[in-house]
A.B. asks: 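If you scroll down you'll find the structure; I have some questions about it.
This is a predicted model, so every value here is computed, not measured. The basis for the numbers below is simple: all heavy atoms, side chains too, and nothing from hydrogens, waters or symmetry mates.
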Amino acid sequence: MNLESLRAFCLSLPHVKEDVKWGHDLCFLVGGKMFAVAPLEKTAQGQLTFKFTAEKFAELIEVNGIIPAPYMARNHWVMMRRYDALRDSEIRELVRESYEIVLARLPKKAQAKLKGRNIARRRATARDEKERQGQ
(Lines give C-alpha, C1' and ligand atoms only; values in the text may rest on other atoms or scores of the structure.)
Protein backbone atom coordinates (compact mmCIF):
# COMPACT_ATOMS: atom_id res chain seq x y z
CA MET A 1 0.00 0.00 0.00
CA ASN A 2 1.08 3.58 -0.54
CA LEU A 3 -0.39 7.03 0.04
CA GLU A 4 -2.34 7.07 -3.22
CA SER A 5 -3.95 3.66 -2.69
CA LEU A 6 -4.73 4.59 0.93
CA ARG A 7 -6.30 7.84 -0.24
CA ALA A 8 -8.41 6.04 -2.85
CA PHE A 9 -9.63 3.52 -0.27
CA CYS A 10 -10.47 6.13 2.38
CA LEU A 11 -12.36 8.30 -0.11
CA SER A 12 -14.39 5.27 -1.20
CA LEU A 13 -15.96 5.07 2.27
CA PRO A 14 -19.29 6.91 2.66
CA HIS A 15 -19.17 10.59 3.70
CA VAL A 16 -15.39 10.77 3.94
CA LYS A 17 -13.70 14.09 3.38
CA GLU A 18 -9.99 14.82 3.29
CA ASP A 19 -8.14 17.80 4.66
CA VAL A 20 -4.51 18.82 5.08
CA LYS A 21 -3.78 19.74 8.69
CA TRP A 22 -0.66 20.97 10.40
CA GLY A 23 0.77 21.88 7.01
CA HIS A 24 1.81 18.36 6.00
CA ASP A 25 -0.65 15.69 7.18
CA LEU A 26 -3.44 14.33 5.02
CA CYS A 27 -6.39 13.68 7.32
CA PHE A 28 -9.44 11.58 6.52
CA LEU A 29 -12.62 12.57 8.32
CA VAL A 30 -16.17 11.35 8.71
CA GLY A 31 -18.67 13.77 10.20
CA GLY A 32 -15.81 16.20 10.79
CA LYS A 33 -13.87 13.73 12.97
CA MET A 34 -10.55 12.18 11.99
CA PHE A 35 -10.21 8.42 11.61
CA ALA A 36 -6.89 8.22 9.72
CA VAL A 37 -3.88 10.48 9.14
CA ALA A 38 -1.01 10.04 6.69
CA PRO A 39 1.96 12.38 6.22
CA LEU A 40 2.45 13.98 2.83
CA GLU A 41 6.21 14.19 3.39
CA LYS A 42 8.17 11.08 2.43
CA THR A 43 10.68 11.76 5.22
CA ALA A 44 8.03 11.48 7.97
CA GLN A 45 8.61 9.09 10.87
CA GLY A 46 5.34 7.20 10.39
CA GLN A 47 3.22 6.32 7.39
CA LEU A 48 -0.29 5.94 8.76
CA THR A 49 -2.01 6.74 12.05
CA PHE A 50 -5.49 5.56 13.01
CA LYS A 51 -7.84 5.03 15.99
CA PHE A 52 -8.86 1.82 17.77
CA THR A 53 -10.56 0.31 20.77
CA ALA A 54 -8.40 -0.24 23.85
CA GLU A 55 -8.30 -4.02 23.24
CA LYS A 56 -7.31 -3.76 19.60
CA PHE A 57 -4.80 -1.00 20.44
CA ALA A 58 -2.99 -3.36 22.84
CA GLU A 59 -2.94 -6.08 20.18
CA LEU A 60 -1.69 -3.81 17.38
CA ILE A 61 1.23 -2.30 19.27
CA GLU A 62 2.63 -5.82 19.59
CA VAL A 63 3.08 -5.95 15.79
CA ASN A 64 6.57 -5.09 14.55
CA GLY A 65 6.39 -1.69 12.82
CA ILE A 66 3.34 -0.43 14.75
CA ILE A 67 3.74 1.84 17.77
CA PRO A 68 1.48 3.94 20.01
CA ALA A 69 0.89 7.19 18.11
CA PRO A 70 2.83 10.12 19.60
CA TYR A 71 0.49 12.49 21.46
CA MET A 72 -2.55 10.34 20.65
CA ALA A 73 -1.82 6.98 22.28
CA ARG A 74 -3.97 7.87 25.28
CA ASN A 75 -6.90 8.00 22.84
CA HIS A 76 -5.92 4.59 21.40
CA TRP A 77 -4.35 5.78 18.16
CA VAL A 78 -1.57 3.68 16.62
CA MET A 79 1.10 4.60 14.08
CA MET A 80 2.35 2.31 11.37
CA ARG A 81 5.98 3.21 10.78
CA ARG A 82 5.90 1.61 7.33
CA TYR A 83 3.19 0.35 5.01
CA ASP A 84 4.70 -3.13 4.79
CA ALA A 85 4.10 -3.78 8.50
CA LEU A 86 0.82 -5.40 7.42
CA ARG A 87 -0.69 -6.76 4.23
CA ASP A 88 -2.75 -4.29 2.17
CA SER A 89 -5.96 -6.17 2.94
CA GLU A 90 -5.22 -5.94 6.69
CA ILE A 91 -4.55 -2.20 6.42
CA ARG A 92 -7.84 -1.65 4.58
CA GLU A 93 -9.68 -3.69 7.22
CA LEU A 94 -8.09 -1.72 10.07
CA VAL A 95 -8.77 1.63 8.43
CA ARG A 96 -12.40 0.60 7.89
CA GLU A 97 -12.65 -0.39 11.58
CA SER A 98 -11.23 2.98 12.59
CA TYR A 99 -13.80 4.67 10.34
CA GLU A 100 -16.62 2.63 11.93
CA ILE A 101 -15.43 3.49 15.47
CA VAL A 102 -15.38 7.21 14.72
CA LEU A 103 -18.72 7.06 12.89
CA ALA A 104 -20.36 5.22 15.81
CA ARG A 105 -19.08 7.85 18.27
CA LEU A 106 -20.55 10.78 16.36
CA PRO A 107 -23.53 12.46 18.02
CA LYS A 108 -26.84 10.85 17.06
CA LYS A 109 -27.88 14.02 15.24
CA ALA A 110 -24.75 13.91 13.06
CA GLN A 111 -25.27 10.19 12.36
CA ALA A 112 -28.88 10.85 11.35
CA LYS A 113 -27.79 13.63 9.01
CA LEU A 114 -25.28 11.31 7.33
CA LYS A 115 -27.86 8.54 7.13
CA GLY A 116 -30.31 10.97 5.51
CA ARG A 117 -27.73 11.75 2.84
CA ASN A 118 -27.39 8.03 2.13
CA ILE A 119 -31.16 7.65 1.67
CA ALA A 120 -31.33 10.70 -0.63
CA ARG A 121 -28.36 9.42 -2.66
CA ARG A 122 -29.93 5.96 -3.06
CA ARG A 123 -33.25 7.50 -4.17
CA ALA A 124 -31.49 9.69 -6.73
CA THR A 125 -29.54 6.70 -8.04
CA ALA A 126 -32.71 4.61 -8.33
CA ARG A 127 -34.50 7.50 -10.09
CA ASP A 128 -31.61 7.91 -12.53
CA GLU A 129 -31.61 4.19 -13.26
CA LYS A 130 -35.37 4.21 -14.00
CA GLU A 131 -34.91 7.16 -16.34
CA ARG A 132 -32.10 5.35 -18.20
CA GLN A 133 -34.23 2.23 -18.58
CA GLY A 134 -37.16 4.29 -19.86
CA GLN A 135 -35.09 5.87 -22.65
A.B. asks: Given the rule that I, L, V, M, F, W and Y join up when any side-chain heavy atoms are under 4.5 Å apart, are Met1 and Val95 in one cluster?
C.D. replies: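 Same cluster: Met1 reaches Val95 through Ile, Leu, Val, Met, Phe, Trp or Tyr contacts under 4.5 Å.
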
A.B. asks: Would you call Arg96 and Glu93 a salt bridge, using N to O less than 4.0 angstrom?
C.D. replies: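 No salt bridge links Arg96 with Glu93.
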
A.B. asks: Please lay out, stage by stage, how Asp88 and Tyr83 fare under the test side chain to side chain contact (heavy atoms under 4.5 Å, CB included).
C.D. replies: CA-CA 8 Å; Asp88 288 359; Tyr83 283 117; 5.9 Å; no

A.B. asks: Phe9 and Val16: same hydrophobic cluster, using ILVMFWY side-chain contacts below 4.5 Å?
C.D. replies: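 Same cluster: Phe9 reaches Val16 through Ile, Leu, Val, Met, Phe, Trp or Tyr contacts under 4.5 Å.
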
A.B. asks: Could you give the distance from CG (Asp25) to CE (Met34), rounded to the nearest 0.5 Å?
C.D. replies: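 Nearest 0.5 Å value for the CG-CE distance: 9.0 Å.
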
A.B. asks: In Å and rounded to the nearest 0.5 Å, what is the CZ to CE distance from Arg82 to Met80?
C.D. replies: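 One gets 8.0 Å once the value is rounded to the nearest 0.5 Å.
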
A.B. asks: Do you know which two heavy atoms are closest between Leu3 and Pro39, and how far apart they sit?
C.D. replies: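 Closest heavy-atom pair between Leu3 and Pro39: CD2-O, 4.1 Å.
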
A.B. asks: For the NE2 atom of His76 and the CD atom of Glu55, what is their distance to the nearest 0.5 Å?
C.D. replies: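 If I round to the nearest 0.5 Å, the distance is 8.0 Å.
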
A.B. asks: Can we call the ring centroids of Phe52 and Phe57 under 6.0 Å apart?
C.D. replies: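 Not close enough - the centres of the two rings lie 6.0 Å or further apart.
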
A.B. asks: Are Leu86 and Phe35 connected, step by step, through hydrophobic side chains (Ile, Leu, Val, Met, Phe, Trp, Tyr) whose heavy atoms are closer than 4.5 Å?
C.D. replies: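 Linked, Leu86 and Phe35 end up in one cluster.
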
A.B. asks: Does Leu26 belong to the same Ile/Leu/Val/Met/Phe/Trp/Tyr cluster as Met72, with side-chain heavy atoms less than 4.5 Å apart forming each link?
C.D. replies: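 No.
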
A.B. asks: Using a 4.5 Å cut-off on heavy atoms from C-beta on, say whether the side chain of Cys27 contacts that of Trp22.
C.D. replies: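 Touching, per the 4.5 Å side-chain cut-off.
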
A.B. asks: Between the side chain of Asn75 and the main-chain N/O of Trp77, is any donor-acceptor distance below 3.5 Å?
C.D. replies: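 No: the side chain of Asn75 does not pair with the backbone of Trp77.
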
A.B. asks: Return the CD to CD1 distance between Gln47 and Ile66, rounded to the nearest 0.5 Å.
C.D. replies: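 That separation rounds to 12.5 Å.
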
A.B. asks: What I'd like to find out is whether the side chain of Leu29 reaches to under 4.5 Å of the side chain of Glu18, using heavy atoms alone.
C.D. replies: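 Not in contact.
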
A.B. asks: Judged by atom type as modelled, is there a donor-acceptor pair below 3.5 Å linking the side chain of Tyr99 to the main-chain atoms of Pro14?
C.D. replies: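 Between the backbone of Pro14 and the side chain of Tyr99 there is a qualifying donor-acceptor contact (under 3.5 Å).
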
A.B. asks: Should Phe28 and Leu13 count as side-chain neighbours, where that means a heavy-atom distance under 4.5 Å?
C.D. replies: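 The answer is no, as the side chains (C-beta and beyond) never meet within the 4.5 Å cut-off.
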
A.B. asks: Can you confirm whether Leu103 sits close enough to Glu100 that some side-chain heavy atom of one is under 4.5 Å from a side-chain heavy atom of the other?
C.D. replies: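 Sidechains of Glu100 and Leu103: in contact.
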
A.B. asks: Do the non-hydrogen side-chain atoms of Leu94 and Leu48 ever get within less than 4.5 Å of each other?
C.D. replies: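 SC-SC contact between Leu94 and Leu48 ruled out.
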
A.B. asks: Is a side-chain N or O of Thr49 found less than 3.5 angstrom from the main chain of Met79, in a donor-acceptor match?
C.D. replies: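 Not a single qualifying donor-acceptor pair exists.
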
A.B. asks: Can you check whether Arg87's main-chain N or O pairs, donor with acceptor, with Glu90's side chain at less than 3.5 Å?
C.D. replies: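 Side chain of Glu90 to backbone of Arg87, a donor-acceptor pair under 3.5 Å: yes, one is there.
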
A.B. asks: Taking the side chain as every heavy atom from C-beta outward, state whether Val20 and His24 have any pair of such atoms under 4.5 Å apart.
C.D. replies: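 With C-beta onward as the side chain, the pair stays apart.
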
A.B. asks: Decide yes or no for Val78 and Phe50: does some side-chain heavy atom of the first lie under 4.5 Å from some side-chain heavy atom of the second?
C.D. replies: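 Side chain of Val78 against side chain of Phe50, heavy atoms only: contact under 4.5 Å found.
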
A.B. asks: So, taking the atom named NZ in Lys56 and the one named NZ in Lys51, what distance separates them when rounded to the nearest 0.5 Å?
C.D. replies: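 Reported value, rounded in 0.5 Å steps: 15.0 Å.
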
A.B. asks: To the nearest 0.5 Å, how far apart are CG in Leu106 and CD1 in Ile101?
C.D. replies: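 Nearest 0.5 Å value for the CG-CD1 distance: 12.5 Å.
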
